[in-house]
Amino acid sequence: MIRKLLVANRGEIARRVFATCRALGVATVAVHSDADADAPYVAEADEAVRLPGNPPVETYLRIDLILDAARRTGADAVHPGYGFLAEHAGFAAAVTDAGLTWVGPSAGAIAAMGDKIAAKELLAGAGLPMLPTWTDGDAVTDFPVLVKASAGGGGRGMRIVRDPADLPAAVDSARREAAVAFGDGTVFVERYVDRGRHVEVQVFGDTHGTVVALGERDCSIQRRHQKIVEEAPAVLPDGVRERLHAAAVAAGRAVDYVGAGTVEFLLAPSGEFFFLEMNTRLQVEHPVTEAVTGLDLVRLQLLVAEGGALPVPATPPVDGHAIEVRLCAEDPTQGFRPATGTLHRFAVPGVAGGFTPTRGLRLDSGVGTGSTVGVHYDSMLAKLVAWAPTRAEAARSLAGALARAELHGVATNRDLLVRVLRSAEFGAAQVDTGFLDAHPEVFAPLLPADRLPLAALAAALAGAAARRAAAPVLGGLPSGWRNVPALPQVVRYATPPGDEIEVRYRLDRRGGLADWSTDPTIAGPATADAPDTPPVVELVSAAPDRVLLDVAGVRRVFRVHRAGSAVFVDGPDGAAELTELPRFPLPCAALAVGSLLAPLPGTVTRVHVEAGQRVVVGDLLLTLEAMKLEHPVLAPTDGVVADLPVPAGGQVETGAVLAVVNPEEAPR
């Protein structure tokens, strides 16, 4: 039996495995880079070993260091988690060669499914339906197509191509991204199916020849080919579920599969389905399967790795419905680019448990309040899962918890997730892989434009209450109070898109709100949704962390949290992040006109233009790589490249000048 387990991974998956180990009485070992030394998963392990080296992401790929950590701690088994070395056949072989128990499929099965081109050929022989596939871009005859990395997944190295002229550039870009993410730049081209659904089957095998299907998941809602919403069971046409399960089991038997795996399919609108790939590991979205089956999949992994037989029927019963969302550090104001920073507060209400099968709300998080989100790893912060008797109840519960969550300090995709869950189309199960493209309305922030002034007013009143509470004398007097009416209190805030809003208010001698306004010339022009006349508001109470306002006869509670100059306001309509601006700002150097700034820390991998070159709007200037993704930097206007201060290979921080384009009329 396994006595001590080393998890060769980080973040929430390490915490997930540790949770089951604690329940089973198995000792745990964490490994960590220098960047992860203070991460929650490290603190939760019984023992932890530092993996030296830079960049931090590559330390988790050092097989020699991980095996040495197992030897030094006396671990007798290794769990790979997902990502990094989880689907590395050489790692699986090295672990078993070292006399350790490998918690996963055999190296042979990993190798067979790891090369997606070879996997398609093998499983086509087992009878699984396939999409037309090309390994030579010049041979492609049928568009649209999808360029895919042969050695990996997770959306890395994927490009949709509809115009044949765009295929060579897409292949080159996908190769570069795949080489960075997986160490293998091999790509292939596959027929793309519009309005297809991504449906996958959870399979499990043991060493006694058993392979079973533990249900399916719908993972169709994706952005940049990465899943953001997953659910179980999938809403399927009659007869499709049984055929999907049978095909998945056939795939597992074709490679003598042992352990947890996922067989992924593309379901066409016609009801036909096609094999996409097999992931030889535990999936990120496994909690929804656990929720509806009641099974602990990590426990089953350990049991099978020890040589035990699967204690589940071929078709376990499914109870209720579960939906999972991936909460990611991404900035909606910057096209959902990965975001960095410090989580000043990370709190989700109503959570019943985490990391093991839970009814109600489950939170699997790699971070917590105080965590630093850097550029080295994937942008996912946490997974929030809701189980309920029905799909509609699960969606409502999940959306409500997300909307009320306090996520302060790092921009996230929370608002997008809430709008997806609350959309009529999602409620009717009308989903496919093009859902986000077809529904741009879900990208709107939760907080309506006409409610931002109220959030700013709440922030100002909370700030005044905090100053009065800290006042050494006359703390009971209203802020800014005078015997005779005087000028109002004025507070200016910056918002994440780069706008400003000015709040003016005056309190009466009772501490009530005598009058207030916002400056429309600073807050932005008035619209039908954001009129320039503020609503009638009465101040009911104000504390440093809570403001209660009566807005035209309706009481509204605003929770306010301050971290330095940053003010986070969570209200009934949504959340606002504001930065209080100094009353007397210091002079600073002005940026050159046409400066393009780095939206996040990263590495300039390629510079595509030269100083003095004429460009037109949309031309690719350079490529910035961060969080395992390529981010193109495009010319914002016609003009001439005046400066390129960062060469290829250069490291930059947020706000660094990447290029300067003088806005001159360029010849067409």
Side-chain angles (χ1 to χ4, degrees), residues 332-333 341-347 403-412 414-415 445-471 478-481 487-507 511-524 530 532 534-552 554-585:
T333 68
T342 299
L343 278 166
H344 300 297
R345 181 171 293 170
F346 186 84
R404 296 191 303 274
E406 297 183 5
L407 311 172
H408 300 167
V410 177
T412 72
R414 180 257 302 276
D415 289 11
L446 286 179
L447 186 68
D450 63 334
R451 299 299 171 87
L452 179 60
L454 282 174
L457 174 63
L461 294 172
R467 289 189 292 273
R468 298 318 300 161
S479 175
W481 183 80
L487 294 175
Q489 300 282 83
V490 179
V491 188
R492 296 171 67 244
Y493 297 102
T495 64
D499 300 326
E500 293 183 9
I501 183 169
E502 181 178 278
V503 181
R504 300 175 181 179
Y505 68 94
R506 186 169 56 84
L507 302 179
L513 190 62
D515 57 63
W516 76 286
S517 66
T518 56
D519 188 335
T521 63
I522 295 177
D532 57 4
V536 176
V537 175
E538 293 183 12
L539 173 60
V540 179
S541 64
D545 60 351
R546 187 176 186 273
V547 174
L548 181 58
L549 301 177
D550 184 304
V551 183
V554 178
R555 289 197 174 188
R556 297 174 178 268
V557 177
F558 296 87
R559 305 185 306 279
V560 183
H561 172 218
R562 189 180 187 102
S565 60
V567 186
F568 306 95
V569 182
D570 294 284
D573 302 303
E577 178 181 347
L578 305 167
T579 301
E580 186 170 344
L581 299 174
R583 294 180 64 188
F584 306 105

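This is a predicted model, so every value here is computed, not measured. Along the sequence shown, residues carry numbers from 1.
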Chemist: Give me the atom names and distance for the closest heavy-atom approach of Ala460 to Val491.
Modeler: CB-CG2, 4.1 Å

Chemist: Under the rule for side chain to side chain donor-acceptor pair (under 3.5 Å), what residues qualify as partners of Glu577, not counting sequence neighbours?
Modeler: none

Chemist: Under the side-chain contact (heavy atoms from CB on, under 4.5 Å) test, which residues partner Ser565, sequence neighbours left out?
Modeler: Thr579

Chemist: Hey, could you give me the CZ/CZ distance between Arg414 and Arg404, rounded to the nearest 0.5 Å?
Modeler: 11.0 Å

Chemist: Who are the salt bridge (charged side-chain N to carboxylate O under 4.0 Å, His left out) partners of Glu406, not counting sequence neighbours?
Modeler: Arg345, Arg559

Chemist: Which heavy-atom pair separates Gly409 from His344 by the least distance, and what is that distance?
Modeler: CA-CD2, 3.7 Å

Chemist: Kindly list each side-chain donor-acceptor pair under 3.5 angstrom involving residues 539-551, sequence neighbours excluded, with atom names and distances?
Modeler:
from: Asp550; atom 1: OD1; to: Gly553; atom 2: N; distance (Å): 2.8

Chemist: Which pair of non-hydrogen atoms, one from Pro453 and one from Trp516, has the smallest distance, and what is that distance?
Modeler: O-CZ3, 3.9 Å

Chemist: Please find the pair of heavy atoms, one from Leu578 and one from Ala456, that lie closest to each other, and give the distance.
Modeler: CD1-CA, 3.8 Å

Chemist: With rounding to the nearest 0.5 angstrom, report the OG1 to CZ distance, Thr518 to Arg504.
Modeler: 9.5 Å

Chemist: Check side chain to side chain donor-acceptor pair (under 3.5 Å) between His561 and all other residues, then give those that pass, not counting sequence neighbours.
Modeler: His408

Chemist: Using side chain to side chain donor-acceptor pair (under 3.5 Å) as the criterion, list what pairs up with Thr333, not counting sequence neighbours.
Modeler: Asp331

Chemist: Of all the heavy-atom pairs spanning Ala405 and Asp570, show the shortest one and how long it is.
Modeler: O-OD1, 3.8 Å

Chemist: Using the test side-chain contact (heavy atoms from CB on, under 4.5 Å), find all partners of Pro332 that sit at least two apart in sequence or belong to another chain.
Modeler: Phe336, Ala411

Chemist: State, to 0.1 Å, how close Leu454 and Pro535 come at their nearest heavy-atom pair, and which atoms those are.
Modeler: CD2-CG, 4.4 Å

Chemist: Please enumerate all residues that pass side-chain contact (heavy atoms from CB on, under 4.5 Å) together with Ala455, with sequence neighbours excluded.
Modeler: Val569, Ala576

Chemist: Please determine whether side chain to side chain contact (heavy atoms under 4.5 Å, CB included) holds for the pair Leu513 and Leu507, giving the CA-CA distance in whole Å, both sets of side-chain angles, and the decisive distance to 0.1 Å.
Modeler: CA-CA 5 Å; Leu513 190 62; Leu507 302 179; 4.0 Å; yes

Chemist: Is the shortest side-chain heavy-atom distance between Phe558 and Pro572 below 4.5 Å?
Modeler: yes

Chemist: So do Tyr493 and Leu581 actually touch side chain to side chain, heavy atoms under 4.5 Å?
Modeler: no

Chemist: Using the test side chain to side chain donor-acceptor pair (under 3.5 Å), find all partners of Asp573 that sit at least two apart in sequence or belong to another chain.
Modeler: Arg451, Arg556

Chemist: As a quick check of understanding, evaluate side chain to side chain contact (heavy atoms under 4.5 Å, CB included) for Asp415 and Leu447, giving each step before the final call.
Modeler: CA-CA 9 Å; Asp415 289 11; Leu447 186 68; 5.8 Å; no

